[in-house]
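To start, the structure itself, in C-alpha cells.
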Amino acid sequence: MRGERGGYGRGGPRRWSGGPVERGEDLGAPSASGRAQGGGDAERLRAALLGMDGSGYGRYRSLTGRWRFDGFELAVEHVQADPYAPPSRLSLEVPASVAGFDAGLWRDPVRARALADLLARRAAEALAGSRFRVDAGGQEVLARSACAVREGAVRLRFAVELPGHGRRIAGREAARQLCELLPAAVASSLRAQALPAEEVRAFADTVSDSVAAREQLAERGLVAFVADGSVLPRRSGVSDLPLTGPGAVPFAAPEPLRVELELPHRGRVAGMGVPEGITLIVGGGFHGKSTLLHALERGVYDHVPGDGRELVVTRADAVKIRAEEGRRVERTDISAFVGELPSGADTRDFRTDNASGSTSQAAAIVEAVEAGARVLLVDEDTTATNLMIRDARMQALVAPDREPLTPFVDLVRPLRRSHGVSCVLVMGASGDYFDVADQVVLLDAYRPHDVTAAARALAAPRDDAPFPAVAHRAPDPGSISAQARGRRRIKGRGTDALVFGETEIDLRALEQLVDPSQVPGLGLALTALVRRGHLDGHRTLAAALDLLDAELAEGPDALDDGYLGDFAPPRRHDTAAALNRLRTLRVARQSR
C-alpha cells in the first residue's frame with residue numbers, strides 16, 4: 001500500500017509553513033496509548049507492514065509518501081536500500097491544535113528555537129532504546145533541522161533503521177515501531193499537556209535571558225560576561241557536563257570588573273564583564289585559565305538549564321585562534337606578521353599547501369578579521385610561540401633584518417586601534433603582554449582576581465608595529481563543489497572533518513564547533529554560497545556571508561534543499577574557516 005506521493009517523498013522537500021498539514025483540516029487528538037487507531041492511513045500502514053513480513057527488503061520503498069495518524073502526519077522521505085545502508089529518513093508534523101503550546105512559547109523566534117530544542121530532547125528520550133534516532137544535541141541550544149515550531153505546529157525529523165531478518169522485511173517489528181512506539185512517543189513528548197509547564201517555560205526563559213545578555217554586551221562596551229555563581233569546570237576531558245562536588249567552584253566576579261545586566265526573566269544579574277580591548281588571563285598551571293577561556297569560546301551559544309554556563313555569554317563575533325601546521329592558505333595577506341621570506345614568496349598574497357605554525361596562525365587571524373570577527377580568543381598553549389613573543393635576548397642574537405616575523409605582542413594594540421578588534425589571551429609563561437594589556441585577570445584555584453595595577457607596575461614601554469588594511473578576497477565559485485562522481489557528497493566525521501565532494505576538510509582547529517550536526521551544516525552553507533550566486537568571483541567573502549546570514553535569520557530551512565540528514569546551521573565564522581581550509585579553493589581576486 002503506497003502513501004500519497006509527493007510531500008517529503010521522492011518528489012523532493014516540501015516547504016513547511018506550520019499549521020494543519022492538509023487543507024487546514026484538524027487531525028484530531030491522539031489516543032491515550034498513542035497507538036494508531038480507527039482506520040485511515042495509520043491502519044493501512046499497519047496492514048501494509050504486516051503484509052510485507054518476509055518480503056524482500058526493497059519492498060519497504062513502497063512506504064514512501066505521507067500517512068495520517070491520529071494527531072499527526074508521518075512522511076516517509078527516504079527508504080534505505082538494505083538493512084546495512086544508512087537509516088531511512090522520516091518526518092512528522094503535529095498541528096498547533098494538537099500540540100497545544102501557548103503562543104508565548106513560539107511567537108518570539110528565540111523562544112521558538114528553545115521550545116524546538118527541548119521537544120527534540122524529549123522525543124529522543126521517549127524513543128530511547130528503539131530504532132529511531134532524533135538529533136537532540138548536547139549542552140548547547142542550537143537551531144537544527146531535527147525540530148522546528150512554527151505558528152504553534154511542531155515538525156520533527158528523524159532517522160529509523162527499518163527492521164529486517166537479513167535482507168527480508170521484519171514486518172511485525174516494523175509495525176510495532178512505526179504504529180505503536182512512534183505514536184506513543186509523539187503523545188508523550190510533542191504535546192503541551194504531556195510536559196511539565198514550568199519546565200518548558202523555564203527552558204525558554206533561560207535561552208531568552210542568555211540572548212538578552214549577549215545583546216547587551218556591545219552597547220556596554222563588553223566582549224563577554226560571566227555571571228556570579230556560574231560553574232565553568234567540566235566533568236572530564238571527554239564530558240561537557242558540569243563538574244559537581246568540591247571542585248565545582250562557583251564563579252565570583254572581582255570587584256573592579258563587576259557589572260550588572262538587566263534580564264527579562266531573571267531580572268538584575270551581577271557578574272564579571274570582560275571589557276573591550278586587550279584582556280590577559282594569567283595564573284599558575286591548573287588554576288582555571290583555559291577553563292575560563294573555554295567557557296568564553298562556548299559563550300557564543302546558549303546553554304541548557306543546569307549546564308552552569310547559562311549566563312556565560314560572549315559576543316557572536318568572537319573567534320578562537322590557534323596555530324595549525326600543515327593547513328592550506330590561499331592568497332591571504334599575512335604581511336603584518338611575516339615580512340620578506342628567504343624563498344621570496346609574497347606575503348601580501350600568500351599561498352601554501354603546508355603552512356607552518358606561525359604562518360597558519362597569522363593566516364587564521366587575518367581570515368577571522370576578514371570574515372567580521374571583532375573579538376579574538378587566544379590560548380598560548382595552542383599557539384606558535386615565535387609568532388606570539390620574541391624576547392630581548394633573542395632579538396640581540398638574531399639581527400632584525402634576518403627575522404621576518406613580527407610577534408603578535410607588537411601588533412595586538414594596532415589591531416585594536418585600526419580595526420576595532422579586541423583580544424582575550426591566556427598567558428601563563430610570558431609577561432611581555434603586560435606591556436600591552438588593558439586589564440589582567442589572575443585565576444587562583446578557579447577564583448578570578450583583578451591584578452591590572454600589579455601587572456602595569458611590571459610593564460615596560462613597547463613600540464607597536466603597523467597593522468595594514470585587511471585584504472578582502474573574492475573566492476572563485478568554480479573551485480567549491482560538493483560533487484563527487486556526479487553526486488553531491490556532504491558528510492561529517494564528528495566535529496573533526498567534513499567530507500565535501502572529492503575532498504576532506506580538516507576542522508580540528510575550529511574549536512568553536514560544538515555539535516556534529518554543524519559539520520554537514522557547513523557543507524550545506526558552502527553549497528548555498530555557490531548555488532545561490534552569493535559567491536560569484538567578484539563579491540567578497542564577507543559580503544557573501546552577509547547575504548547568507550540574512551537568509552539564515554529565517555531558520556535552518558534556509559539550508560534545507562533536500563538533504564537527507566540532520567544538520568545545524570553553522571556560524572558565519574566557521575563557514576569562512578571551513579572554506580579557507582578547502583584544498584581546492586581558488587581566490588579570483590584580492591582587494592583592500
Side-chain angles (χ1 to χ4, degrees), residues 8-10 12-13 61 76-91 120 124 131-138 140 142-147 156-162 324 326-328 475 477-532 535 548 552 556-585:
Y8 285 105
R10 294 175 184 171
R61 292 180 178 174
V76 180
E77 302 174 10
H78 170 76
V79 177
Q80 62 202 92
D82 59 60
Y84 312 104
S88 302
R89 297 294 307 182
L90 285 69
S91 68
R131 290 177 170 269
F132 297 97
R133 298 292 179 267
V134 178
D135 179 33
E140 288 78 22
L142 304 177
R144 57 178 73 240
S145 62
C147 190
L156 185 73
R157 299 173 67 181
F158 51 96
V160 61
E161 297 175 353
L162 292 174
E324 186 184 356
R327 65 156 285 195
R328 185 167 186 265
S479 67
I480 307 165
S481 175
Q483 295 297 306
R485 299 179 182 178
R487 299 179 64 182
R488 185 170 73 171
R489 189 168 177 237
I490 294 175
K491 181 180 179 181
R493 301 194 191 282
T495 56
D496 288 343
L498 167 66
V499 177
F500 187 74
E502 296 182 344
T503 189
E504 184 169 296
I505 304 175
D506 189 342
L507 304 174
R508 288 174 295 176
L510 278 59
E511 297 182 58
Q512 288 172 288
L513 288 177
V514 297
D515 192 293
S517 291
Q518 291 175 301
V519 175
L522 286 170
L524 294 174
L526 295 178
T527 300
L529 285 171
V530 174
R531 184 170 56 83
R532 298 173 189 175
L535 289 177
L548 186 61
L552 287 174
D557 282 354
L559 292 182
D560 186 2
D561 59 357
Y563 179 72
L564 292 174
D566 299 308
F567 66 90
R571 300 192 312 144
R572 65 180 284 144
H573 305 289
D574 293 321
T575 300
L579 179 61
N580 285 319
R581 286 157 179 78
L582 177 64
R583 290 193 173 270
T584 62
L585 175 67

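Heads up: numbering here begins at 1 and tracks the sequence. Side chains are part of it too, since the values below use all heavy atoms of this structure and drop only hydrogens, waters and symmetry mates.
A heavy-atom distance below 4.5 Å is not found between the side chains of S481 and L582. Between T527 and I490 there is a side-chain heavy-atom pair separated by less than 4.5 Å. With contacts defined as side-chain heavy-atom distances shorter than 4.5 Å, the pair L579/L522 does not qualify. The shortest side-chain heavy-atom distance between R131 and L162 does not fall under the 4.5 Å cut-off. Annotation: side chain of R485 is not in contact with side chain of R487 (no heavy-atom distance under 4.5 Å). Residues D560 and S145 form no side-chain contact, since every pair of their non-hydrogen atoms from C-beta on lies 4.5 Å or further apart. Counting heavy atoms from C-beta outward, E140 and D515 have side chains that stay 4.5 Å or more apart. Put simply, the side chain of L529 reaches to within 4.5 Å of the side chain of T575, judged on heavy atoms.
A donor-acceptor contact closer than 3.5 angstrom links the side chains of E77 and S91. Side chains of R489 and Q483: no donor on one and acceptor on the other come within 3.5 Å.
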L548/R532 under side-chain contact (heavy atoms from CB on, under 4.5 Å): CA gap, chis, key distance, verdict: CA-CA 9 Å; L548 186 61; R532 298 173 189 175; 4.2 Å; yes

Verdict with supporting geometry, I505 and L526, side-chain contact (heavy atoms from CB on, under 4.5 Å): CA-CA 12 Å; I505 304 175; L526 295 178; 4.1 Å; yes

Audit row: L498, Q518, side-chain contact (heavy atoms from CB on, under 4.5 Å) steps and yes/no: CA-CA 10 Å; L498 167 66; Q518 291 175 301; over 6 Å; no

From CA spacing to verdict: side-chain contact (heavy atoms from CB on, under 4.5 Å), T495, L507: CA-CA 7 Å; T495 56; L507 304 174; over 6 Å; no

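Checked against side-chain hydrogen bond (donor to acceptor under 3.5 Å, both in side chains), R133 has no partners two or more places apart in sequence or in another chain. Not counting sequence neighbours, F567 has no partner by the ring-ring contact (aromatic ring centres under 6.0 Å, His included) test. Shown here are the side-chain hydrogen bond (donor to acceptor under 3.5 Å, both in side chains) partners of E324, two or more places apart in sequence or in another chain: R581. Residues forming a side-chain hydrogen bond (donor to acceptor under 3.5 Å, both in side chains) with D135 (at least two apart in sequence, or on another chain): R144, S517. With sequence neighbours excluded, the residues that form a side-chain hydrogen bond (donor to acceptor under 3.5 Å, both in side chains) with R488 are D561.
Applying the salt bridge (Lys or Arg N to Asp or Glu O under 4.0 Å) test to pairs two or more places apart or on separate chains, those with a residue in residues 493-503 are R493-E504.
Dense packing is recorded around CZ of R583, with more than 12 heavy atoms of other residues, nucleotides or ligands lying under 6.0 Å away.
The two residues V79 and S88 have their closest heavy-atom pair at CA-OG, 3.5 Å. Across every non-hydrogen atom of L90 and V76, the tightest pair is CG-CA, 4.2 Å. Closest non-hydrogen pair, A497 versus V519, comes out as O-CG1, 3.4 Å. Looking at every heavy atom in both residues, L552 comes nearest to P570 through CD1-O, 4.4 Å. When all heavy atoms of A528 and L559 are compared, the pair lying nearest together is CB-CD2, 4.1 Å. The minimum heavy-atom distance between A120 and L156, with the atom names listed, is CA-CD1, 4.4 Å.
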